[in-house]
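Each remark here refers to the structure printed beneath this line.
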Amino acid sequence: MINDKLPKIWYGGDYNPEQWGPEVWEEDQRMFKLAGIDVVTINVFSWALNQPEENTYDFNWLDETMDRLHRNGVGVVLATSTAAHPAWMAKRYPDVTRTDFYGRKRTFGGRHNSCPNSPTYRKYSRLIAGKLAERYKDHPALLLWHVSNEYGGYCYCDNCTAEFRVWVQSRYNSIDSVNKAWNTRFWGHTFYDWDEIVLPNGLSEEGEGNVSAFQGISLDYRRFMSDSLLECYIIEAEEIRTHSSNVPITTNLMGNFGQLNYFDWAKHMDIISWDNYPSLTTPVSETAMVHDLMRGLKDGDPFMLMEQTPSQQNWQAYNSLKRPGVMRLWSYQAVARGADTVLFFQMRRSIGACEKFHGAVIEHVGHEQTRVFRECADLGEELMRLGDTLLDARTEAKVAIVYDWENRWAIEMSSGPTVDLQYPSEVHKYYDALFKLGIQADIVSVDADFSKYEIVIAPVMYMVKKGFAQKTESFVSEGGTFVTTFFSGIVNENDLVTVGGYPGELRKLLGIWAEEIDVLPAGQFNQLVMNKPIGKLEGSYPCELLFDLIHAESAEVLAEYGSEFYKGMPALTVNSFGKGQAYYVATSASSEFLQGFLSNLCQDKGVNPLIPNIPAGVEASQRVKEGRSFLFLLNHNADPVTVDIGEVTLEDLLTGETISLNAVLPGRGVMILTEQVHPK
Amino acid sequence: MINDKLPKIWYGGDYNPEQWGPEVWEEDQRMFKLAGIDVVTINVFSWALNQPEENTYDFNWLDETMDRLHRNGVGVVLATSTAAHPAWMAKRYPDVTRTDFYGRKRTFGGRHNSCPNSPTYRKYSRLIAGKLAERYKDHPALLLWHVSNEYGGYCYCDNCTAEFRVWVQSRYNSIDSVNKAWNTRFWGHTFYDWDEIVLPNGLSEEGEGNVSAFQGISLDYRRFMSDSLLECYIIEAEEIRTHSSNVPITTNLMGNFGQLNYFDWAKHMDIISWDNYPSLTTPVSETAMVHDLMRGLKDGDPFMLMEQTPSQQNWQAYNSLKRPGVMRLWSYQAVARGADTVLFFQMRRSIGACEKFHGAVIEHVGHEQTRVFRECADLGEELMRLGDTLLDARTEAKVAIVYDWENRWAIEMSSGPTVDLQYPSEVHKYYDALFKLGIQADIVSVDADFSKYEIVIAPVMYMVKKGFAQKTESFVSEGGTFVTTFFSGIVNENDLVTVGGYPGELRKLLGIWAEEIDVLPAGQFNQLVMNKPIGKLEGSYPCELLFDLIHAESAEVLAEYGSEFYKGMPALTVNSFGKGQAYYVATSASSEFLQGFLSNLCQDKGVNPLIPNIPAGVEASQRVKEGRSFLFLLNHNADPVTVDIGEVTLEDLLTGETISLNAVLPGRGVMILTEQVHPK
Amino acid sequence: MINDKLPKIWYGGDYNPEQWGPEVWEEDQRMFKLAGIDVVTINVFSWALNQPEENTYDFNWLDETMDRLHRNGVGVVLATSTAAHPAWMAKRYPDVTRTDFYGRKRTFGGRHNSCPNSPTYRKYSRLIAGKLAERYKDHPALLLWHVSNEYGGYCYCDNCTAEFRVWVQSRYNSIDSVNKAWNTRFWGHTFYDWDEIVLPNGLSEEGEGNVSAFQGISLDYRRFMSDSLLECYIIEAEEIRTHSSNVPITTNLMGNFGQLNYFDWAKHMDIISWDNYPSLTTPVSETAMVHDLMRGLKDGDPFMLMEQTPSQQNWQAYNSLKRPGVMRLWSYQAVARGADTVLFFQMRRSIGACEKFHGAVIEHVGHEQTRVFRECADLGEELMRLGDTLLDARTEAKVAIVYDWENRWAIEMSSGPTVDLQYPSEVHKYYDALFKLGIQADIVSVDADFSKYEIVIAPVMYMVKKGFAQKTESFVSEGGTFVTTFFSGIVNENDLVTVGGYPGELRKLLGIWAEEIDVLPAGQFNQLVMNKPIGKLEGSYPCELLFDLIHAESAEVLAEYGSEFYKGMPALTVNSFGKGQAYYVATSASSEFLQGFLSNLCQDKGVNPLIPNIPAGVEASQRVKEGRSFLFLLNHNADPVTVDIGEVTLEDLLTGETISLNAVLPGRGVMILTEQVHPK
């Protein structure tokens with residue numbers, strides 16, 4: 001439980017009373033009660049207000065706010081206000097502003113705008129975090145600390161350059177090791193002194209769109225930036241802990257965000273929280289995947305849905321309204337996948353600046369007679385009824401998908417073989433196939449313990465770090481099933497190729513050698529032709545993007561290419577290794593193929609879908625608590641659908657209804673099916 | 001009359017004799033005579049020539065040019081030459097060059113290149129304007145002063161920053177007011193000192209494509225820049241007036257140009273002049289609209305067509321030739337809509353630099369045996385024959401369309417709800433419907449007197465400034481018809497939302513409440529379904545872009561949405577208010593709908609088309625002088641067309657022919673129909 | 001012969017042993033032997049290794065490498081290592097790094113990264129070139145000097161600015177001449193002092209995509225930059241020659257690369273070498289054209305294919321593999337068109353940084369059991385067998401196509417008339433028509449001697465430099481056939497228009513006057529309608545892009561436009577001039593037209609195709625040595641094809657087979673047909 005002061009699914013979200021006056025504050029409390037809101041996040045962007053000048057702090061407004069919220073029974077997620085530095089700080093200490101990719105010093109503006117290596121920023125963010133912790137640590141409204149906000153954004157200033165040299169030195173010890181790690185003999189880049197190293201950007205090694213001339217340097221820069229921003233978090237978190245050791249600390253992550261290695265971050269966070277902003281056209285399985293990724297950051301611990309919009313966003317190209325029922329549906333999607341909170345950005349729409357067209361529980365009209373408010377209030381009431389039933393429930397998956405940010409960076413920065421390879425979308429293809437089959441999966445890091453899974457899938461495992469191959473071999477030799485794909489096993493953690501034949505360190509396990517890698521432009525396809533029918537797989541499936549030209553060594557060939565000069569070469573292989581199997585999918589295959597392929601694998605390993613024959617557009621997810629199972633059924637269709645749940649009789653936790661054989665879900669409807677518990 | 005020295009439609013244009021030598025000058029005069037050219041604009045880009053160094057002025061070439069033109073009967077529009085500073089000035093006083101959106105200091109180059117707040121630029125532009133005025137004020141060739149050229153271009157230098165702080169201070173007085181106006185409590189932007197304010201650009205609040213994080217700041221920056229550039233104009237104009245108080249002063253505007261609030265500028269100009277550069281694919285109604293906008297800047301006063309190309313441009317992607325007859329047709333389009341001049345850029349094509357592929361009356365071949373010259377000469381002769389007949393004629397419209405640059409800025413800078421909303425094109429949709437119906441309209445500012453109109457249309461009146469709502473209520477209560485659309489009444493002049501329900505200050509007048517605003521991506525449509533047939537409206541019409549979800553309060557619902565979850569909600573309403581009606585079109589409707597809708601409204605108010613059943617591609621416009629009406633018929637089709645003019649007999653001013661019942665216009669033909677005047 | 005130490009087609013390529021260790025070096029030698037590799041290029045990017053600090057040079061690794069290669073019978077192309085400066089140099093002497101188009105000073109990174117006017121770069125590049133020459137001039141492995149690598153990239157720093165002023169002064173002597181040459185009276189740009197001149201870039205006269213406000217300045221800047229980079233080459237080459245006067249010197253060019261005027265460069269190179277990187281979708285005739293252009297740089301002298309990939313590239317969007325046979329086919333294409341070497345980038349794939357996905361003879365797997373290696377080894381063996389037979393063979397063409405980089409620059413920088421006009425692709429249209437007809441052509445400069453050709457084609461000869469018109473008139477009056485097109489004869493070498501009627505200086509020769517130039521947008525066509533059938537031309541052909549509206553003066557009209565207002569005006573004319581003819585193609589015509597048109601012309605002039613009725617996809621090219629002819633037939637199709645070679649009996653040099661009447665080429669097959677030589 002996040003904080004046992006509030007033993008239920010938290011409901012509420014971001015609240016900025018400082019943008020309003022007293023008459024509104026009382027009205028807010030009335031509206032919160034109407035909507036069942038019991039938690040708000042405050043003080044996210046109030047640094048300039050809290051610290052009007054260098055040596056003056058003024059928390060009166062915050063004292064009053066905390067007290068008022070508490071009086072009204074609303075708990076507080078208390079942010080540290082360091083997500084945007086004050087204007088006076090930018091003016092007096094220019095080191096707090098960032099320098100951009102082209103070396104341009106920024107002035108004052110925006111948010112998330114501080115150089116992570118600015119001494120000024122670090123000094124004052126630590127100070128204010130400490131002052132807040134000291135002041136509010138025992139406040140009865142306090143539920144959770146929320147450090148800064150949506151960390152992100154790189155900097156290329158002189159301070160960052162100096163710190164990068166220190167970081168590199170501490171990672172590699174000697175300049176010779178650096179030269180080796182970055183392969184600087186290429187293009188005559190040998191460094192003889194730490195001070196010769198400069199940041200990789202638009203003035204040195206990188207161009208538009210992430211491509212780098214030296215992936216090794218650029219990779220380390222990203223590690224360094226992720227670390228630098230993480231240090232900013234740690235500085236504040238540690239300062240808070242010296243005063244307030246019993247209240248958990250988080251910061252809100254951004255799901256699939258590319259700049260930070262969240263697996264590193266998770267180690268320093270008491271609970272994961274994240275902001276979920278799909279567009280109306282985002283595949284629901286993509287949102288589900290990101291929830292699972294967030295749950296995977298701390299090995300399956302429940303997490304917080306920290307932000308979502310009740311209605312619409314402002315920063316997308318087309319900010320369509322969430323259709324009636326969609327906000328509730330997507331809220332339960334989060335809960336179904338491990339969230340123990342349902343929080344919004346934001347409580348009340350601001351009247352000026354760039355988020356005034358972002359939806360809020362309380363719209364500009366100000367009263368409760370809106371569709372949006374009604375949907376919020378209905379959900380608030382429902383969550384109240386759920387109480388603590390679902391809290392701390394966990395997920396039991398037998399299939400894991402490996403996700404690695406450093407692998408993603410290396411793939412994105414590569415020059416060749418194709419501009420179309422996007423690591424997250426290749427991962428999503430496999431996730432989506434499982435999702436459509438109704439099979440629960442965990443998303444795990446490359447450092448995860450595989451032994452608890454039956455099947456581990458590592459799409460495009462381009463970068464194989466130290467120990468990964470050995471660990472995977474053990475997993476398979478003990479009976480596990482491993483799946484990887486084209487463009488895997490190519491490089492080590494410095495993006496240096498493992499010579500001796502692709503897939504490098506994975507070659508023995510997979511029993512293949514990939515001699516060449518072909519590319520076809522977008523829109524051109526080859527075929528993956530099954531040698532013989534296997535389970536649900538039969539005939540020919542389109543494939544695209546990259547095509548490894550592989551030779552089976554110890555592996556068995558299950559499918560071949562159907563055209564091009566490598567027609568007849570293996571496109572799908574399986575290698576028996578110890579007690580297990582290792583599969584190689586040599587190209588990017590169609591969804592139909594992947595569903596058949598993964599269905600076969602799961603069947604072989606006795607991994608069953610949550611629901612067999614799950615209808616299109618229906619999502620199934622299960623959480624388990626103290627032996628009791630909660631099966632979420634989410635109908636993403638606008639129309640009703642009937643789900644065959646098998647010969648069981650269950651209770652819908654939301655309605656108390658008894659459901660046998662068939663569950664009939666209304667359009668955008670939700671059920672949480674569980675064993676019937678007879679009233680005590 | 002612009003200047004009674006030349007009582008006819010002025011004919012000629014930009015002339016740069018300084019690019020040529022004496023042998024060409026005499027030939028120019030011969031050609032001018034052949035073409036009927038009686039006015040030229042000179043000295044536009046001659047600053048470096050006039051002032052070869054800081055303390056030296058040399059106007060000998062200009063003396064000779066003025067004299068030669070006068071000897072040959074050609075009048076002069078005399079520019080002040082400040083549209084491009086000399087190279088020596090940029091070198092000696094770098095404050096004259098601009099700093100761009102990304103903070104990059106420009107060197108020397110281009111044109112319209114001076115920082116508007118450069119002390120050096122202001123000093124020397126004032127000085128040279130004064131010297132020119134003193135020297136030529138009594139020159140017999142002088143017809144008009146032309147300050148600088150096509151003002152535009154923003155600057156982000158330190159001088160501009162300093163001046164912006166002064167401007168802001170003078171607008172808001174206290175830093176508290178600034179904080180309130182810009183809603184700086186959002187994202188912790190509170191300012192405590194004037195010097196903390198920086199310009200909104202790519203280093204602070206703005207990104208590519210105009211979107212700002214703080215619309216309030218960006219809006220004020222645009223106001224400040226429009227003012228700054230206007231001050232440059234005023235400095236020169238005032239200096240001229242101290243010497244030459246009887247000759248009118250102008251500068252050439254650029255129609256629908258987005259950077260400057262031309263309504264502000266017009267107050268300081270003696271006559272409006274503008275440069276008209278449609279491409280061959282620009283809708284003719286768009287050109288017509290911009291002419292009307294220019295006419296509207298000074299409440300319907302005749303204006304000058306200062307520039308157009310006789311044949312082709314150079315700066316468009318595809319610079320097709322104006323087809324035979326098109327130059328004449330578009331010249332008369334200008335006259336039809338209020339122009340008392342027909343001027344070209346330029347007299348003779350330059351031989352080098354970026355405008356050498358821009359058309360001219362005298363082509364590179366140099367002689368008069370060209371299609372272009374012949375068309376020019378024919379028109380020159382025709383305009384000569386027209387004499388002063390049309391001069392000072394005005395337009396009598398009963399329909400006004402409101403246009404507001406500040407509203408445009410605010411819409412363009414908004415983050416959300418859709419990237420596709422373009423204010424000028426929404427205005428054009430309404431204009432175009434009237435155009436196709438043959439109904440004369442004025443384009444007016446938000447400050448205009450509405451009382452002389454029957455119908456006032458304010459498309460996407462997003463920003464409602466102080467007094468606008470009250471004025472409009474008065475207009476309607478006295479019997480006027482008011483039309484506005486989706487996304488109106490949202491914010492005040494600082495882009496702060498009027499809370500309490502959209503359309504804010506217009507809510508009472510319109511009798512509706514817009515609860516939400518939905519968005520569909522480009523290419524997706526809803527339908528506007530009439531509740532019952534009304535006049536020409538019946539059935540269903542496609543609509544797109546934005547969809548206000550409105551509730552009729554006192555208003556009557558005329559049409560509803562045909563699909564989406566708000567199917568059945570009002571899409572078109574009318575509210576009776578006093579003696580008049582206020583309409584709300586809740587979405588962006590098709591041209592067919594708008595024609596029917598506006599046709600109904602005009603019929604209700606007794607506003608008649610100039611021509612009933614006007615054929616497609618034919619434009620009608622009317623000017624009136626001392627009770628005599630001139631009906632322009634312009635056939636934009638390549639083929640002949642017959643126009644039913646009703647049971648009247650009129651005279652074509654251009655040919656003297658008598659026209660009854662039907663006017664047969666050749667392809668690209670023009671008629672100016674007027675009551676027959678019997679020869680005295 | 002490039003160097004008589006190795007009297008055969010050199011085979012090998014770039015080799016970077018410094019990226020590897022001793023165990024690999026010996027393996028390399030074994031692999032080289034297997035593949036028949038006898039030449040490698042080394043030391044291209046080893047500056048940092050050779051000169052670890054300012055006053056220290058260390059060539060031990062290079063000594064060993066040279067010796068080892070020599071011991072193994074491999075010759076060396078020795079590069080000077082100046083293609084990327086050391087990191088310490090960038091740190092200590094920031095003048096070596098470039099300043100970009102927007103005035104941003106670059107730090108350290110990438111390659112080809114030195115400011116060409118950096119005193120530091122010039123000093124140290126001269127020094128190291130001298131040291132290398134002194135040390136290795138007599139090394140038995142040394143075959144050729146290779147200065148730097150792929151010169152290119154402009155700089156906009158203060159040193160370049162200062163040098164540009166010197167360059168301009170030396171070209172024009174007086175500031176008045178500069179003002180005239182650049183037409184600075186336009187837009188008030190008159191310069192009074194050399195120091196007022198700034199570089200044309202994104203802070204002054206130029207925008208994105210090459211368009212300039214002052215083409216004269218921008219043109220001279222490109223000349224200056226081409227000269228500046230060339231000076232860097234000359235500095236090194238001269239220093240080498242002081243020590244090593246007998247070994248030839250080259251640098252590797254990049255074919256159709258836009259930034260440098262290679263005709264100027266060729267004068268200073270002992271032999272032309274270039275890097276050939278078509279994508280799989282590049283038309284084969286385009287590659288052929290560039291080979292011919294490279295051959296034309298030194299009047300038909302054989303050249304070196306310095307780089308090509310054995311398999312795939314890394315820097316294109318989609319880096320598809322060269323299909324089996326394609327590497328050999330394209331290697332022979334180079335030889336067919338004048339190459340006396342077949343060299344690859346590179347010998348062994350690097351393991352890190354941005355070229356690790358670029359193909360190599362030795363792949364990452366490291367052994368010889370790869371498709372790529374086998375193809376390389378097969379070709380190596382074949383080339384070995386060819387010995388010196390083809391060396392120094394030349395090409396005998398009767399048709400010349402004029403190509404001019406300065407013309408290209410001027411066209412690209414023009415503002416108008418259309419964004420779609422690309423000079424190289426217009427040249428290619430004519431080349432491609434000849435290619436498809438099997439007619440051999442030379443690509444020549446505007447300074448070439450035309451007298452040895454029957455037909456000279458100068459597509460889009462927009463810029464006519466001093467003497468060109470007179471030379472062409474002499475050529476035609478002596479019986480030559482000249483062809484030029486729309487948009488020709490417009491400007492002089494400073495991009496100043498030749499007034500008096502287009503095509504200016506070519507008007508007399510062509511007997512036409514182009515009154516206007518129309519433009520149609522992409523995808524819109526006019527028609528070129530033959531007045532009567534002529535040879536293979538009959539009826540109507542589509543044409544696009546630009547349309548000169550011409551009047552025949554002394555010329556005869558052969559075809560007219562089929563639509564638009566200039567329907568019936570001439571679209572194709574011929575003028576008899578002395579004993580010859582001058583043709584004008586007034587628009588961009590279809591391939592079908594151009595083939596018919598050029599076929600007619602060749603027939604008239606007795607210029608025969610190498611093969612009549614050459615099948616689609618087959619390329620024919622001929623080299624001649626001491627009276628013996630070698631006819632290359634290259635089948636670019638994947639399927640076999642039969643070529644009718646006429647009633648002759650020839651021998652295929654590659655197989656020794658006797659070929660009569662029909663040559664049957666396998667898919668991607670090659671034949672080199674020559675007179676049978678009876679064994680001595």
Side-chain angles (χ1 to χ4, degrees), chain A residues 16 18-20 44-50 52-53 81 83-88 90-91 97 100 102 104-111 113 280-281 311-321 323-324 349-359 363-367 369-372 638, chain B residues 102-104 181-193 195-206 211-217 413-420 490-491 494-502 504 513-522 524 549 564-566:
Chain A
N16 297 290
E18 73 276 17
Q19 293 178 21
W20 307 87
V44 176
F45 288 107
S46 326
W47 199 350
L49 204 59
N50 295 334
E53 56 180 325
S81 78
H85 51 246
W88 63 257
K91 178 173 174 289
T97 69
D100 74 10
Y102 289 108
R104 298 175 299 219
K105 179 74 179 167
R106 294 186 62 83
T107 60
F108 173 74
R111 58 169 180 172
N113 48 7
L280 283 198
T281 57
S311 53
Q312 70 193 139
Q313 286 132 58
N314 67 290
W315 46 266
Q316 298 186 339
Y318 302 102
N319 298 282
S320 303
L321 296 165
R323 274 42 195 152
R349 277 202 193 206
S350 40
I351 62 162
C354 77
E355 287 179 352
K356 62 183 173 293
F357 295 124
H358 192 293
E363 300 268 25
H364 284 141
V365 71
H367 61 54
Q369 301 306 329
T370 68
R371 174 185 76 93
V372 169
Chain B
Y102 289 108
R104 299 175 299 220
W182 293 350
N183 199 41
T184 58
R185 292 269 174 114
F186 180 81
W187 285 1
H189 268 48
T190 306
F191 296 106
Y192 293 100
D193 189 274
D195 288 354
E196 290 163 21
I197 295 171
V198 297
L199 299 180
N201 65 7
L203 304 177
S204 55
E205 304 293 5
E206 297 188 11
V211 171
S212 174
F214 273 80
Q215 285 78 22
I217 303 177
M413 293 182 304
S414 86
S415 172
T418 169
V419 294
D420 284 347
I490 310 288
V491 298
N494 288 318
D495 202 55
L496 298 180
V497 171
T498 303
V499 295
Y502 316 136
W513 167 44
E515 181 182 339
E516 297 185 77
I517 304 171
D518 194 33
V519 178
L520 289 180
Q524 293 188 24
L549 274 54
E564 295 293 342
F565 72 89
Y566 39 93

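We name chains A, B, ... by the order of the sequence lines, and we start the count at 1 in each one.
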Could you have a look at Val497(B), Ile217(B), Asn183(B), Ile197(B) and say which one has the most heavy-atom pairs with chain A under 4.5 angstrom? Val497(B)

Could you tell me which portion of Gln313(A) (side chain, backbone, both or neither) has an atom closer than 4.5 angstrom to a non-hydrogen atom of chain B? neither

Between Asp100(A) and Lys105(A), is the closest basic N to carboxylate O distance under 4.0 Å? no

Would you find a donor on one side and an acceptor on the other, under 3.5 Å apart, between the side chain of Ser204(B) and the backbone of Leu199(B)? yes

Ser212(B), Gly500(B), Gly416(B): which one forms the most heavy-atom pairs within less than 4.5 Å of chain A? Gly500(B)

Chain A contacts, top residue of Pro200(B), Ala514(B), Gly216(B), Ala522(B) (heavy-atom pairs, under 4.5 Å): Ala522(B)

Of the backbone (N, CA, C, O) and the side chain (C-beta and beyond), which part of His367(A) lies under 4.5 Å from a heavy atom of chain B, both, or neither? side chain

Step-by-step salt bridge (charged side-chain N to carboxylate O under 4.0 Å, His left out) determination, Glu205(B) to Arg111(A): CA-CA 9 Å; Glu205(B) 304 293 5; Arg111(A) 58 169 180 172; over 6 Å; no

With a 4.0 Å cut-off, would you call Glu515(B) and Arg371(A) a salt bridge? no

Would you confirm whether Ser320(A), through its side chain, and Val519(B), through its main-chain N or O, come within 3.5 Å as a donor-acceptor pair? yes

Under a 4.5 Å heavy-atom cut-off, does chain A meet the side chain of Tyr192(B), its backbone, both or neither? side chain

Polar side-chain atom of His85(A) near backbone of Gly188(B) as donor-acceptor pair, under 3.5 Å: no

Max heavy-atom pairs within cutoff under 4.5 Å with chain A, candidates Tyr566(B), Tyr502(B), Phe191(B), Trp182(B), goes to Tyr502(B)

Given Glu53(A), Lys91(A), His358(A), the one with more heavy-atom pairs under 4.5 angstrom with chain B than any other is Lys91(A)

Does any heavy atom of chain A fall under 4.5 Å from the side chain of Phe565(B), the backbone, both, or neither of them? side chain

If I take atom OG from residue Ser415(B) and atom NZ from residue Lys356(A), how far apart are they, to the nearest 0.5 angstrom? 8.0 Å

Sub-4.5 Å side-chain heavy-atom contact between Arg349(A) and Asn16(A): no

So which residue, Asp195(B), Thr190(B), Asn201(B), Val491(B), ends up with the most heavy-atom pairs under 4.5 Å with chain A? Asp195(B)

For Glu18(A), which atoms come within 4.5 Å of any heavy atom of chain B: side chain, backbone, both, or neither? both

Considering only heavy atoms and a distance below 4.5 Å, find which of Met413(B), Gln215(B), Arg104(B) pairs most often with chain A. Gln215(B)

Contact class of Asn494(B) relative to chain A, heavy atoms under 4.5 angstrom: neither

Please report the shortest heavy-atom distance between Trp47(A) and Pro86(A), naming the atom on each side. CD2-CD, 3.7 Å

For Glu206(B), which atoms come within 4.5 Å of any heavy atom of chain A: side chain, backbone, both, or neither? neither

